[in-house]
Amino acid sequence: MQTISKILEIKFRRAFNQLDIPEDSPILLVEASKPEFGDFQINGVMGIAKKLKLNPRDLAQKVIDNVELSPEISKLEIAGPGFINIILDDNYLATYISNLNHENRFGAQLQMGKTKTVVIDYSSPNLAKEMHVGHLRSTVIGDCLASVFEYMGHKVIRQNHVGDWGTQFGMLIAYMIERIDDGTFEHDISDLEEFYRKAKVRFDEDATFADTARRYVVILQNWKNEGTEGEKVHNYWVSFKNASLEHCQEIYNKLKIKLTHEDIAPESMYNDALDNVINVLENKHLINVSNGAKCIFFADGELSGGETTPYIVQKQDGGYLYSTTDLAAIDYRVNQLKGDRVLYVVDARQGFHFKQLFIVGEKAGYTTKDTSLEHVAFGTMTNEDGKPFKTRTGGTVKLIELINEAVIRAKKIVLERNPDWNESDREYLANVLAIGAIKYADLSKNRESDYIFSFDKMLAFNGNTAPYLMYAYTRIQSLLRKLYLARSSFDVFDFAPDVLPVHGVAYQKHQISSSLSMEVRIDEEFFKQTKIKLTEKSEHKLALQLANFSDCLYMTAKECYPHYLCQYLYNLSVNFMQFYESCSILRAESMEIKNSRILLAHLTAQIIKTGLGLLGIETVERM
RNA sequence: GCAUCCGUAGCUCAGUUGGAUAGAGUGUCAGUUUCCGAAACUGAAGGUCACAGGUUCGAUCCCUGUCGGGUGCACCA
């Protein structure tokens, strides 16, 4: 069993072969651009006709004559200058989506084919400071992509390449020790930003302090040989890092980001490998010394511009740079972790650096022909004037503040909508909505363009937003709940006997005692005994969209574009709403159709929930 | 200066190796609740795809140029 688009492609390729059309001619099978053009369309015939100097409509007709319709296709039509429109057979489509379920990941497993190892570098905050809004996109986009790859059956290795190295840390440790000595140090370092600011002030105003700070950096680098002071400085460094990582983890927990301690691969991890990076480059005669710095220069055309800027791997004072670390990281990710695709979810402004890095990495021999290093670039987050997102005074906005603000606003809205709810339910919903809104607003836009952040727009609760998708889901769940009679307060339900023939199950996902998180599911027996029947147009449309889930995931993963998945889920929800408005379920004309529609609704809910889950967005059962 | 990304409806955005009459949402206006959740659905209006050439059956997409904007370019990360 394969995706419908793949099956159609094979069918048409066979027809092409019978007409002696070269194997490398593209079929160009795509989803129909408009409903009146059917379900799929073939765009390739016109190009081929031109190449072979044939009349495109005649060729299209010949192709159609050679395609075996049954059982997938109900009708083929020639349209315009030589398009072929494909209308799928209702029975076939119905059977196809009947086979979509959790076990085969709604068809996504079909794409597994070759399992790849995907290394994803994302989030990667600097531990010297608290996470700020600039870290949001990398964190959210990277986490989504990791989930998608995993869901499709690939092996995913997350790499949180946190910044725990560099001159700032000498300064921070010096300040930390100073505070400990005068007894004013707080061990949790509750406000890292403030701590950094004060350390910087000390660094700038006091030359002795600055010298100490610089000395600590050197000590840190060689601490194993620096005796007890080295050990002391090293230990403070470790404890500072841990404090900072706790801040990060707090954010990850709030945002439901899957990163854990296991995924942390700090810059310092590569320290011992840096000498060797230089050796490798030198052995390959790639290094030139310029102004005392070790550089790699590029040949004309190698970078398609910007070749005059060298890639510096060692400063004149002997120190290494992030460019050196990044090379060591390539070696590790490709040769230790065995990554087939190595993704860097990093700001687009670092595009030039990655362009250079990947070329040098290849020259150094760290990559193979089969490895793909990819800069998954994203644009800058701006305010509503299109300017970088800053506080009124021009400072950086802490990520935690942005999250809290979104929750506060969501709470207000929930209170207006559901004044009769209890406090804990409202709070729970507000959290899910706020986090979902933040993530969806980001993920639903093409990651490569700059993105205007607006609380008002993302919390608008209508249109292409997380709340709309969540609403579609709750509407279906509400419908399914109606099909059950409550037997006890929360956990077990019976089907109403005249509706469904078998037992259903309901269970609680979370520990909180609330119907918000009580999910109703239809059990396997019902699936087995119910046949989907597509009679109405809106049912056909919905079914087609359900069938295309795995194609959507495939494209999302291929291009690393989460907005493909968002667009898909939005369209699915719209299709469902239209179906829901035009086809009565509870009052369907027959039991057969009623049960079929219940299954359609159920399947829709499950795919919305799964899709949102891949975006990192939770669902609720009521809202 | 070189490089790079962008310019699509009032606003926010889609547009999958070049495909049919360029699509959504929002906002505006007009409809739809004795019926499964109106946080919904239906319809109308809204466009010189920045501009000018070129390539071809066909260009928002590819090429050239112009205008306007963002970003990056030697020892920070």
Side-chain angles (χ1 to χ4, degrees), chain A residues 26 28 30-34 36-37 41 43-44 46-47 49-50 56 79-83 85 124 126 128 163 165-168 267 290-295 303-317 319-323 325-326 347-353 355-356 377 379-380 382 384 386-388 413 417 441 444-446 448-452 454 457-458 460-465 467-468 470-472 474-483 551-552 555 558-559 561 563-564 566-567 570-571 574 577-578 580-588 597 601 622-623:
Chain A
L28 300 181
V30 296
E31 285 171 43
S33 56
K34 291 187 175 194
E36 55 265 40
F37 298 152
Q41 62 185 61
N43 295 337
M46 290 168 286
K50 190 175 146 195
F83 298 97
N85 294 338
S124 306
N126 182 353
W165 204 243
T167 48
Q168 322 103 302
E267 285 179 6
S290 171
N291 295 332
K294 289 185 182 168
C295 306
L303 286 176
S304 65
E307 284 84 355
T308 48
T309 308
Y311 190 79
I312 301 173
V313 289
Q314 192 169 16
K315 299 191 280 187
Q316 38 176 224
D317 67 6
Y320 297 124
L321 297 108
Y322 70 108
S323 54
T325 309
D326 278 353
D347 195 305
R349 283 174 290 197
Q350 293 197 40
F352 186 67
H353 167 68
K355 205 161 146 188
Q356 289 186 318
T380 310
T382 74
E384 291 176 67
K387 302 266 167 58
I413 294 164
R417 302 258 183 205
S444 60
K445 281 156 193 104
N446 185 326
E448 285 177 297
S449 43
D450 290 349
Y451 136 66
I452 299 177
S454 158
K457 288 221 164 84
M458 75 184 192
F461 289 77
N462 43 21
N464 185 10
T465 61
Y468 177 86
M470 289 160 61
Y471 174 68
T474 57
R475 227 175 149 176
I476 298 170
Q477 293 307 103
S478 166
L479 170 75
L480 295 179
R481 268 197 305 273
K482 282 212 159 53
L483 299 167
D551 274 341
C552 151
M555 287 305 292
K558 186 178 169 214
E559 307 290 341
Y561 275 153
H563 79 278
Y564 283 177
C566 295
Q567 197 63 50
Y570 178 66
N571 288 337
V574 169
M577 292 288 192
Q578 289 167 346
Y580 191 77
E581 296 287 331
S582 62
C583 299
S584 181
I585 297 173
L586 294 185
R587 283 159 224 278
R597 287 178 180 168
R622 283 193 300 132
M623 61 188 277

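Just so it is clear: chains get the letters A, B, ... in the order the sequence lines come, proteins before strands, and each one is counted from 1.
Rounding to whole angstrom units, CG of residue Asn446(A) and P of rC13(B) are separated by 11 Å. Here the P atom of nucleotide rG15(B) and the CG atom of Asn571(A) are 12 Å apart, to the nearest Å. Atom pair Ile585(A):CD1 and rC35(B):C1' shows a separation of 13 Å (rounding to whole Å applied). Distance Glu31(A) CD to rA20(B) C1': 17 Å, rounded to the nearest Å. Going from atom NE2 of His353(A) over to atom P of rA74(B) covers 14 Å, rounded to whole Å. Rounded to whole Å, atom P of rG25(B) lies 9 Å from atom CG of Asn464(A). Look at CG on Asp317(A): it is 14 Å from C1' on rA74(B), rounded to the nearest Å. Rounded to whole Å, atom C1' of rG69(B) lies 15 Å from atom CZ of Arg349(A).
Among the atoms of the strands shown, base atoms are found under 4.0 Å from some heavy atom of Ile312(A). Looking at heavy-atom distances under 4.0 Å, Pro56(A) makes no contact with the nucleic acid at all. Counting any heavy atom pair closer than 4.0 Å across all strands shown, Gly47(A) reaches a base atom. At the heavy-atom level, Gln567(A) lies under 4.0 Å from the strands shown only through sugar-phosphate atoms. When heavy atoms are screened at a 4.0 angstrom cut-off, Thr309(A) is found touching the sugar-phosphate backbone but no base atom. Residue-level contact check: Lys294(A) touches neither bases nor backbone, having no heavy atom under 4.0 Å from any strand. When heavy atoms are screened at a 4.0 angstrom cut-off, Met46(A) is found touching base atoms of the nucleic acid.
For Thr474(A), the listed nucleotide lying nearest its side chain is rG37(B); candidates were rG15(B), rA20(B), rG37(B). Counting only heavy atoms from C-beta on, Arg622(A) has its side chain closest to rG37(B) among rU17(B), rG15(B), rG37(B). Closest to the Lys50(A) side chain, of the nucleotides rU17(B), rG58(B), rA74(B), is rG58(B). The side chain of Lys457(A) has rC11(B) as its nearest neighbour among rC11(B), rC36(B), rG37(B). With rC76(B), rG19(B), rU16(B) as the candidates, the nucleotide lying closest to the side chain of Gln41(A) is rG19(B).
The shortest side-chain heavy-atom distance between Leu321(A) and Asp326(A) does not fall under the 4.5 Å cut-off. Side-chain contact between Arg622(A) and Thr474(A) is absent, with no heavy-atom pair separated by less than 4.5 Å. For the pair Tyr320(A)/Thr325(A), no side-chain contact is recorded, criterion being any heavy-atom separation below 4.5 Å from C-beta on. By the 4.5 Å heavy-atom criterion applied to side chains, Thr309(A) and Gln356(A) are counted as neighbours. In this structure the side chain of Met458(A) never reaches within 4.5 angstrom of the side chain of Thr465(A), judged on heavy atoms. Counting heavy atoms from C-beta outward, Tyr471(A) and Met623(A) have side chains that approach closer than 4.5 Å.
Residue His563(A) places at least one side-chain N or O under 4.0 Å from the OP1 or OP2 atom of rG15(B). Under 4.0 angstrom from either OP1 or OP2 of rG37(B) there lies at least one side-chain N or O belonging to Ser478(A).
Judged purely by atom type and a 3.5 angstrom limit, Asn126(A) uses its side chain to pair as donor or acceptor with the backbone of Ala128(A). Side chain of Asn85(A) to backbone of Gln41(A): no donor-acceptor contact under 3.5 angstrom is found.
Side-chain to base pairing of Ser290(A) with rA74(B): one donor and one acceptor N or O lie within less than 3.5 Å of each other. Scanning atom types as modelled, one donor and one acceptor separated by under 3.5 angstrom connect the side chain of Asn85(A) and the base of rA20(B).
To the nearest 0.5 Å, atom CG of residue Leu28(A) and atom CZ of residue Phe83(A) are 10.5 Å apart. Taken from OH in Tyr451(A) to NZ in Lys445(A), the straight-line distance is 5.5 Å, to the nearest 0.5 Å. One distance of note links CG of Asn43(A) with OG of Ser33(A); it measures 7.5 Å at 0.5 Å rounding. Here the straight-line distance linking atom NE2 of His353(A) with atom CG of Asp347(A) works out to 12.5 Å at 0.5 Å rounding. Separation of atoms CG (Leu303(A)) and CZ (Phe352(A)) is listed at 5.5 Å; rounding is to 0.5 Å.
The gap from the C1' atom of rA59(B) to that of rG53(B) amounts to 13 Å, rounded to the nearest Å. Comparing rG68(B) with rA24(B), their P atoms are spaced 35 Å from each other, to the whole Å. With P as the reference atom, rU66(B) and rC13(B) are 29 Å apart, rounded to whole Å. Spacing of C1' atoms, rG23(B) relative to rU32(B), comes out at 25 Å, to the nearest Å. Look at the C1' atom in both rC11(B) and rU16(B): the space between them is 26 Å, to the nearest Å. When the C1' atom is used for both rG47(B) and rU4(B), the distance is 29 Å, rounded to whole Å. Of the C1' atoms belonging to rC35(B) and rC41(B), the separation is 14 Å, rounded to the nearest Å. For the C1' atoms, the distance from rG70(B) to rA74(B) is 24 Å, rounded to whole Å.
Remark: ring of Phe37(A) stacked against base of rA20(B); centroid gap under 5.5 Å, plane tilt under 30°.
Looking at RNA chain B, the stems built from 3 or more consecutive Watson-Crick or G-U wobble pairs, each pair with its key distances under 3.5 Å, are B:1-7 with B:67-73, B:10-13 with B:23-26, B:28-32 with B:40-44, B:50-54 with B:62-66.
Residue order along RNA chain B, read from the 5' end via each residue's closest nucleotide, puts Cys583(A) first among Gln350(A) and Cys583(A). If Gly44(A) and Tyr320(A) are placed on RNA chain B by their nearest nucleotide, the residue sitting closer to the 5' end is Gly44(A).
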Take Arg475(A) and Met577(A) through the test side chain to side chain contact (heavy atoms under 4.5 Å, CB included) and record every step on the way to the result. CA-CA 9 Å; Arg475(A) 227 175 149 176; Met577(A) 292 288 192; 3.1 Å; yes
Distances for protein N/O vs nucleotides 38-44 of chain B N/O pairs under 3.5 angstrom?
from	atom 1	to	atom 2	distance (Å)
rA38(B)	OP2	Arg475(A)	NH2	2.5
rA40(B)	O2'	Arg475(A)	NH1	3.0
rA40(B)	O2'	Glu581(A)	OE2	3.3
rC41(B)	OP1	Tyr468(A)	OH	2.7
rU42(B)	OP1	Gln578(A)	NE2	2.8

Atom pairs, N/O to N/O, protein against nucleotides 3-9 of chain B, distance under 3.5 Å?
from	atom 1	to	atom 2	distance (Å)
rA3(B)	O3'	Ser304(A)	O	3.2

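Using the six-membered ring where Trp is involved, Tyr570(A) and Tyr468(A) have ring planes that are tilted, between 30° and 60° apart.
Anti is the conformation of rU8(B), whose glycosidic angle sits further than 90° from 0.
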